[in-house]
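The next block holds one structure in the form of structure tokens; read it before the comments.
All figures in this text were calculated on a predicted structure; none of them were measured in a lab. Chain A is the first sequence line, chain B the second, and so forth, proteins listed ahead of strands; every chain is numbered from 1.
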Amino acid sequence: MPRLVLIDGSSYLFRAFHALPPLTNAQGEPTGALFGVVNMLRATLKERPDYAAFVLDASGPTFREALYPEYKANRPPMPDELRAQVEPMCRIVEALGFPILREEGVEADDVIGTLALRAAAEGIDVTISTSDKDFAQLVREAAPGQGLVELVNTMTGSRMDSVEAVVAKFGVRPDQIVDMLALMGDSVDNIPGVPKCGPKTAAKWLAQFGTLDGVVAAADTVKGKIGENLRDALGHLPLSRELATIRTDVALPVGPRDLGLRERDVEALRELYTRYGFNQALRELDGGSAVDAAEKEPARARGGARYAAPAGGDAPAPDPALSAPGEYETILDVPRLETWIAELRRAGRFALDTETDSLDPMRARLVGISFAAQPRRAAYLPLGHDYPGAPSQLDRDTALEMLRPLLEDPQVAKIGQHGKYDLHVFRRHGIAVRGYADDTLLESFVLNSSQRHDMDSLARRLLGYETLPYEAVAGKGARQIPFNAVAVDDATRYAAEDADITLRLHHALSPRLAEAPGLQKVYREIEMPLVEVLARIEANGVMVDADELRRQTADLSRRMLAAQNKATELAGRSFNLDSPKQLQALLFDELGLPALVKTPKGQPSTNEEALEAIADQHELPRVILEYRGLAKLRSTYTEKLPEMVNPDTGRVHTSYHQAGAATGRLASSDPNLQNIPIRTVDGRRIRKAFVAPEGRRLVACDYSQIELRIMAHLSQDEGLLGAFAAGADIHRATAAEVFGRRLEEVTPEERRAAKAINFGLMYGMGAFGLARNLGIGRGEAQDYIATYFSRYPGVRDFMERTRQQAREQGYVETVFGRRLYLEFIQRGNQAQRAGAERAAINAPMQGTAADIIKRAMVDIDAWLAGQGGRALMILQVHDELVFEVDAGFVETLLAEVPARMSAAAELRVPLVVESGVGMNWDEAH
DNA sequence: GTCCCCTGCAA
DNA sequence: TATTGCAGGGGAC
């Protein structure tokens with residue numbers, strides 16, 4: 001007969017918490033209750049039930065509160081050490097494969113009761129695993145076609161599987177338990193009973209009178225003080241009985257047969273057991289002895305990642321030494337710091353990390369520094385914890401002067417995780433770090449750009465180590481406190497761990513790079529040298545004319561208001577033009593215009609394409625498009641950029657994310673300066689607000705058609721190579737080929753179509769996309785593409801080769817050996833595979849372009865370093881570099897920079913660079 | 001407050 | 001059913 005195990009999670013959590021000593025793991029987190037629950041669950045799994053569920057109380061009121069507002073009023077709030085264990089417990093339960101049930105408005109008891117009786121009725125044997133005696137009321141013996149319901153308490157090992165067993169334990173039958181509980185009452189749940197009536201008395205009365213009703217009827221015959229108490233309690237006994245009754249008829253979204261156990265997630269369990277120090281469980285996991293059911297399937301894949309490819313680079317069984325907890329100390333006096341400095345110097349290389357009071361490296365103040373020279377041993381040097389009662393710390397400037405020789409010594413190698421941030425912090429505190437040798441973020445990025453590279457993920461994946469989350473020491477959301485307000489002890493656990501884990505990650509990652517010489521070269525020759533260059537660009541910042549932007553804001557506001565009035569008039573009522581939802585109701589429901597475009601979720605879209613499509617049927621769509629364009633410029637640019645000016649420098653400092661795009665491109669944020677408008681007149685005005693200071697100029701240098709040139713190089717297509725060699729206008733040349741014209745005969749319309757083909761091909765576009773882009777029929781678009789491929793057969797072959805390579809080896813490469821893994825190319829569904837193929841075609845071109853400009857940046861930065869500050873690199877926009885240059889130095893820069901950009905790669909086509917000079921970014925184009 | 005959706009800017 | 005990103009406002013929870 002199949003068996004269902006229902007686990008009363010809440011009861012175990014409480015009992016284990018109170019029964020076990022207050023255990024903690026190496027990080028000092030409480031683990032006692034967790035430990036108890038985990039052991040109970042492991043014992044349950046060994047019994048191999050067919051179905052199981054872990055049931056918890058949900059928040060929110062239940063019917064019992066409605067019945068009796070004082071219900072559970074005496075219950076003390078959950079202790080913090082216990083509360084902290086709930087979330088990890090759920091993660092372990094999940095990872096073990098148990099379904100978790102948490103029903104809003106229904107207590108766990110009633111969920112269990114309902115499922116138990118339903119299952120028994122369906123012929124399933126039910127084991128309720130609980131430490132709560134109240135469940136004895138549910139015990140049933142098996143009957144024909146009916147399963148039994150039994151109780152086990154794995155903490156005591158007791159089992160109640162028959163009426164007899166219940167009688168033996170409580171002196172009453174299961175059907176009398178509720179009456180007994182009503183008579184006894186329950187002080188914890190605040191259920192009133194008969195004062196002085198305990199289990200013995202209740203059992204005696206029930207043996208005598210049969211039921212609660214019988215007891216009530218015979219109340220007058222009970223003698224003595226307790227008889228009086230009984231008679232006084234008569235009024236509330238029915239209520240008490242109802243409160244004590246476990247419901248067996250609540251509505252639930254699942255039935256017993258929905259509660260199959262999933263395969264356990266071994267990786268997740270390893271991490272969690274490691275983190276909480278459950279060594280026995282860990283050994284069992286590795287030995288695989290106890291629960292072998294799980295080994296059949298790999299741990300479930302992580303969702304979300306678009307490429308996410310394990311291929312060569314994924315988690316080995318973590319070395320236990322790497323995943324063990326570390327021992328951390330706090331440096332509070334000069335001798336201790338001297339000892340550490342000596343040790344770090346002796347080691348010759350060490351991991352370091354800074355803690356600050358802000359995420360913005362251009363505003364952050366140093367709060368502390370951590371170091372690690374060998375795994376599992378790290379120290380935290382607090383310098384700026386200033387909460388009331390903070391321990392006395394070393395003076396910041398004194399400590400920094402002590403550290404300066406070490407930090408500025410290029411012979412002592414430093415290892416960081418996202419060290420660019422720390423370089424900023426040190427620079428702004430007067431330390432020019434040298435010898436920044438390795439960055440685990442970039443090691444991971446180069447090894448497999450599709451995965452996550454944050455320290456928590458890396459530690460989990462590569463070390464099987466669960467880091468202390470930042471939220472655990474600083475809180476989260478609105479209640480988050482700055483790091484300087486974090487207690488020094490907590491800070492030490494968090495910060496020293498950062499340095500320790502950085503070092504361990506480097507030990508895990510660098511051998512993998514060594515195994516892949518091509519990748520190591522990308523890491524060593526492109527990414528690592530770029531770190532300091534990016535830090536310099538960010539620190540340089542760009543001057544923004546805030547007044548000009550404010551004038552533009554005013555102008556945009558005026559025109560938005562006009563558009564809004566016009567829209568209100570046309571619609572016949574007012575509505576929120578910023579709300580796609582309201583817009584959709586207005587256009588498609590009220591005005592009855594056709595909804596020709598759908599959003600990804602199937603809603604009628606109000607995007608530009610959709611509005612353009614109905615613009616000839618109504619005036620409103622055009623007005624909305626006008627409004628949208630203005631609103632975008634105002635909210636994203638003219639209003640925001642002035643707010644981003646750093647008060648110290650008077651300039652805007654973006655952040656470049658070196659591991660931001662899987663193809664190898666940089667990404668920019670806070671603010672994003674890689675998407676400043678250029679295509680419309682209003683948009684271009686914003687570029688006029690990016691200015692050069694008095695006596696200087698902005699110089700913009702951009703690669704001409706770099707991705708198409710790379711396509712020519714990679715495909716070695718003769719036609720394409722020839723066109724670039726001849727210095728032709730490539731879109732015109734393409735049009736001439738595809739439309740069978742002489743170059744000078746190509747019409748603007750044909751050139752536009754050819755341009756769309758060129759760009760579309762680089763993105764792996766099909767006939768459908770080209771048709772939509774050009775507003776032509778699909779057949780016609782297909783003809784264009786066919787003609788294109790017949791004129792440029794090398795391109796067609798190249799694309800097929802690329803797809804093939806991606807399918808066979810799971811990744812594609814740039815000219816410089818950077819890889820992009822494409823997980824879905826082999827095992828995705830149809831749409832995912834198609835998407836992966838498009839990405840595969842695009843990545844070598846986009847990625848090679850990224851490699852090239854990165855190389856150029858490193859080279860140019862080195863050159864600029866010797867030019868006495870007469871020019872600064874201030875922006876990178878994928879194929880463009882922007883410089884701020886002394887007016888008298890412009891000539892020199894123009895003689896030097898474009899040449900260096902061109903020389904950044906040797907391709908089969910020339911790398912042409914175009915330059916412009918002006919007082920602002922618009923003019924420099 | 002946080003998260004998701006829709007929208008739109010750049011190369 | 002065209003690649004890579006970042007970010008705004010609305011609105012549900």
Side-chain angles (χ1 to χ4, degrees), chain A residues 104 306-307 449-450 476-480 575-584 597-611 624-625 627-641 644 654-657 659-680 682-684 686-687 702-703 705-708 756-774 778 781 785 812 820 822 830-831 834-847 849-850 853 875-880:
Chain A
E104 207 58 44
R306 234 165 304 181
Y307 320 93
S449 62
S450 319
K476 64 169 186 168
R479 284 187 302 283
Q480 189 164 76
F575 64 101
N576 185 347
L577 275 80
D578 291 318
S579 166
K581 208 178 150 188
Q582 293 185 29
L583 214 50
Q584 172 214 313
V597 184
K598 298 273 190 277
T599 69
K601 290 208 64 177
Q603 294 297 306
S605 174
T606 65
N607 68 13
E608 181 171 355
E609 188 188 348
L611 296 182
I624 293 163
L625 285 169
Y627 174 87
R628 283 250 181 95
L630 301 170
K632 172 79 179 181
L633 295 177
R634 188 181 73 168
S635 65
T636 311
Y637 302 106
T638 68
E639 274 185 339
K640 287 296 172 319
L641 285 171
M644 304 299 292
T654 184
S655 286
Y656 287 105
H657 309 292
T663 52
R665 268 196 185 178
L666 300 178
S668 154
S669 72
D670 308 294
N672 181 355
L673 295 185
Q674 291 181 323
N675 72 342
I676 303 301
I678 192 167
R679 294 175 192 182
T680 66
D682 284 324
R684 282 190 90 103
I686 291 166
R687 293 203 171 209
D702 68 282
Y703 286 105
Q705 307 294 355
I706 186 166
E707 293 189 15
L708 277 175
I757 296 172
N758 278 332
F759 278 104
L761 286 170
M762 285 190 297
Y763 300 143
M765 183 177 65
F768 181 95
L770 182 63
R772 194 167 66 164
N773 189 293
L774 289 175
R778 243 181 108 169
I785 293 174
V812 291
L820 176 66
L822 300 141
Q830 172 60 38
E837 284 191 1
R838 289 194 296 272
I841 286 173
N842 175 257
M845 294 180 266
Q846 193 180 112
I853 197 166
L875 293 171
Q876 190 256 38
V877 194
H878 306 309
D879 65 357
E880 172 185 6

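At the heavy-atom level, A:Gly760 lies under 4.0 Å from base atoms of the strands shown. Here A:Asn842 lies in heavy-atom contact (under 4.0 Å) with sugar-phosphate atoms only. A:Leu761 comes within contact range of no nucleotide atom at all, as no heavy-atom separation falls under 4.0 Å. Among the atoms of the strands shown, only primed sugar atoms or phosphate atoms (P, OP1, OP2) are found under 4.0 Å from some heavy atom of A:Arg628. Here A:Phe759 lies in heavy-atom contact (under 4.0 Å) with a base. When heavy atoms are screened at a 4.0 angstrom cut-off, A:Glu880 is found touching no nucleic acid atom at all. Across all strands shown, A:Gly660 has heavy atoms under 4.0 Å from sugar-phosphate atoms exclusively, and none from any base. Counting any heavy atom pair closer than 4.0 Å across all strands shown, A:Gln603 reaches sugar-phosphate atoms only and no base atom.
For the residue pair A:Thr663 and A:Gln846, a side-chain donor N or O sits within less than 3.5 Å of a side-chain acceptor on the partner. A:His657 and A:Ser669 are linked by a side-chain donor-acceptor pair at a separation below 3.5 angstrom, with hydrogens and angles left out of the test.
Scanning DNA chain B 5' to 3' for nucleotides with an atom closer than 4.0 angstrom to a non-hydrogen atom of chain A gives a first and last hit of B:dT2 to B:dA11.
Heavy atoms only, all atoms of each residue included: A:Pro677 and A:Gly683 are closest at CB-CA, 3.5 Å. Between A:Leu822 and A:Ala836, the shortest heavy-atom distance links the atoms CD2-O, 3.6 Å. A:Ala756 approaches A:Leu774 most closely through the heavy-atom pair CB-CD2, 3.7 Å.
Expressed to the nearest 0.5 Å, how far OG1 of A:Thr606 lies from CD1 of A:Ile624 amounts to 7.5 Å. With rounding to the nearest 0.5 Å, the separation of CZ in A:Arg687 from OH in A:Tyr637 is 9.5 Å.
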Verdict with supporting geometry, A:Thr599 and A:Ser605, side-chain hydrogen bond (donor to acceptor under 3.5 Å, both in side chains)
CA-CA 5 Å; A:Thr599 69; A:Ser605 174; over 6 Å; no
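Counting only distance, with no hydrogens or angles, the side chain of A:Glu608 and the backbone of A:Leu625 share no donor-acceptor pair below 3.5 Å. A:Asn842 places a side-chain N or O within donor-acceptor distance of the main-chain N or O of A:Met762, the cut-off being under 3.5 Å.
Distance A:Asp879 CG to C:dG5 C1': 14 Å, rounded to the nearest Å. Between the OH atom of A:Tyr656 and the P atom of C:dG5 there is a distance of 16 Å, rounded to whole Å.
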What does the list of N/O pairs under 3.5 Å between the protein and nucleotides 8-13 of chain C look like, with a distance for each?
unit_1: C:dG10; atom_1: OP1; unit_2: A:Asn576; atom_2: ND2; d: 3.2
unit_1: C:dG10; atom_1: O3'; unit_2: A:Ser579; atom_2: OG; d: 3.3
unit_1: C:dG11; atom_1: OP1; unit_2: A:Ser579; atom_2: OG; d: 2.8
unit_1: C:dG11; atom_1: OP1; unit_2: A:Gln582; atom_2: NE2; d: 3.3
unit_1: C:dA12; atom_1: OP1; unit_2: A:Lys581; atom_2: NZ; d: 2.9

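Of the residues in residues 665-673 of chain A, those with a non-hydrogen atom less than 4.0 angstrom from any atom of DNA chain B are A:Arg665.
The pair A:Glu707-A:Arg665 meets the salt-bridge criterion, with a side-chain N (NZ, NE, NH1 or NH2) lying under 4.0 Å from an Asp/Glu carboxylate O.
Taking for each of A:Gln846 and A:Arg778 the nucleotide of DNA chain C with the nearest heavy atom, the 5'-most of the two is the partner of A:Arg778.
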